[in-house]
Amino acid sequence: MLSVLYFARLRDALGVSSERVDLPADVNDVAALVAWLRKRGGAWEEELAPGRAFRVAVNQDMADAASALRDGDEVAIFPPVTGG
């Protein structure tokens with residue numbers, strides 16, 4: 001089981017701040033997780049579409065699409081933050 005956290009614009013658009021998910025066996029990296037979440041359709045498909053700006057961290061370390069996922073990981077998905 002994986003914990004997935006959503007922040008800021010994504011939390012608002014998706015209507016959820018966190019969830020625990022059991023992943024299918026073929027979802028073992030960040031790219032596959034995002035594709036799997038996008039299959040939910042609606043706001044999921046729109047907000048996690050290719051080209052949309054968002055970042056992913058796994059266990060509080062920045063991750064890329066190839067980052068591996070393991071049972072018990074915490075994944076955070078959030079929009080890029082700008083400072084000012």
Side-chain angles (χ1 to χ4, degrees):
M1 186 166 282
L2 201 73
S3 295
V4 186
L5 311 173
Y6 307 96
F7 293 94
R9 178 195 87 229
L10 293 169
R11 178 188 57 226
D12 296 342
L14 303 174
V16 62
S17 61
S18 67
E19 63 180 324
R20 293 182 57 79
V21 295
D22 283 317
L23 299 178
D26 62 336
V27 177
N28 53 20
D29 63 23
V30 167
L33 171 65
V34 170
W36 183 71
L37 291 170
R38 200 169 36 238
K39 288 180 183 176
R40 292 175 170 176
W44 297 92
E45 185 174 13
E46 181 179 324
E47 292 296 332
L48 301 176
R52 290 288 295 200
F54 62 88
R55 304 261 191 244
V56 178
V58 177
N59 299 325
Q60 301 185 10
D61 290 324
M62 295 304 297
D64 61 25
S67 295
L69 298 176
R70 293 176 185 77
D71 191 44
D73 282 347
E74 178 186 82
V75 177
I77 305 176
F78 50 96
V81 178
T82 59

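Note that the numbering runs from 1 along the sequence shown for the chain.
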Exceeds 12 heavy-atom contacts within 6.0 angstrom, atom CZ of R55: no

Which pair of heavy atoms, one from [X] and one from [Y], lies closest together, and at what distance?
X   : Y   : answer
F7  : A76 : CE1-CB, 3.8 Å
P80 : A53 : CD-O, 3.5 Å
R70 : A68 : NH1-CB, 4.0 Å
Y6  : R11 : O-CB, 3.5 Å
V16 : W44 : CG1-CH2, 3.8 Å

Decide yes or no for [X] and [Y]: does some side-chain heavy atom of the first lie under 4.5 Å from some side-chain heavy atom of the second?
X   : Y   : answer
D64 : V30 : no
R9  : R52 : yes
I77 : L48 : yes
L37 : L14 : no

Given L33, N28, V4, the one that forms side-chain contact (heavy atoms from CB on, under 4.5 Å) with L23: L33

Treat each ILVMFWY residue as a node, draw an edge where side-chain heavy atoms are under 4.5 Å apart, and state whether [X] and [Y] are in one component.
X   : Y   : result
V58 : L2  : yes
L5  : M62 : yes
F78 : V21 : no

Main-chain N/O of S67 paired to D29 side chain as donor or acceptor, under 3.5 Å: no

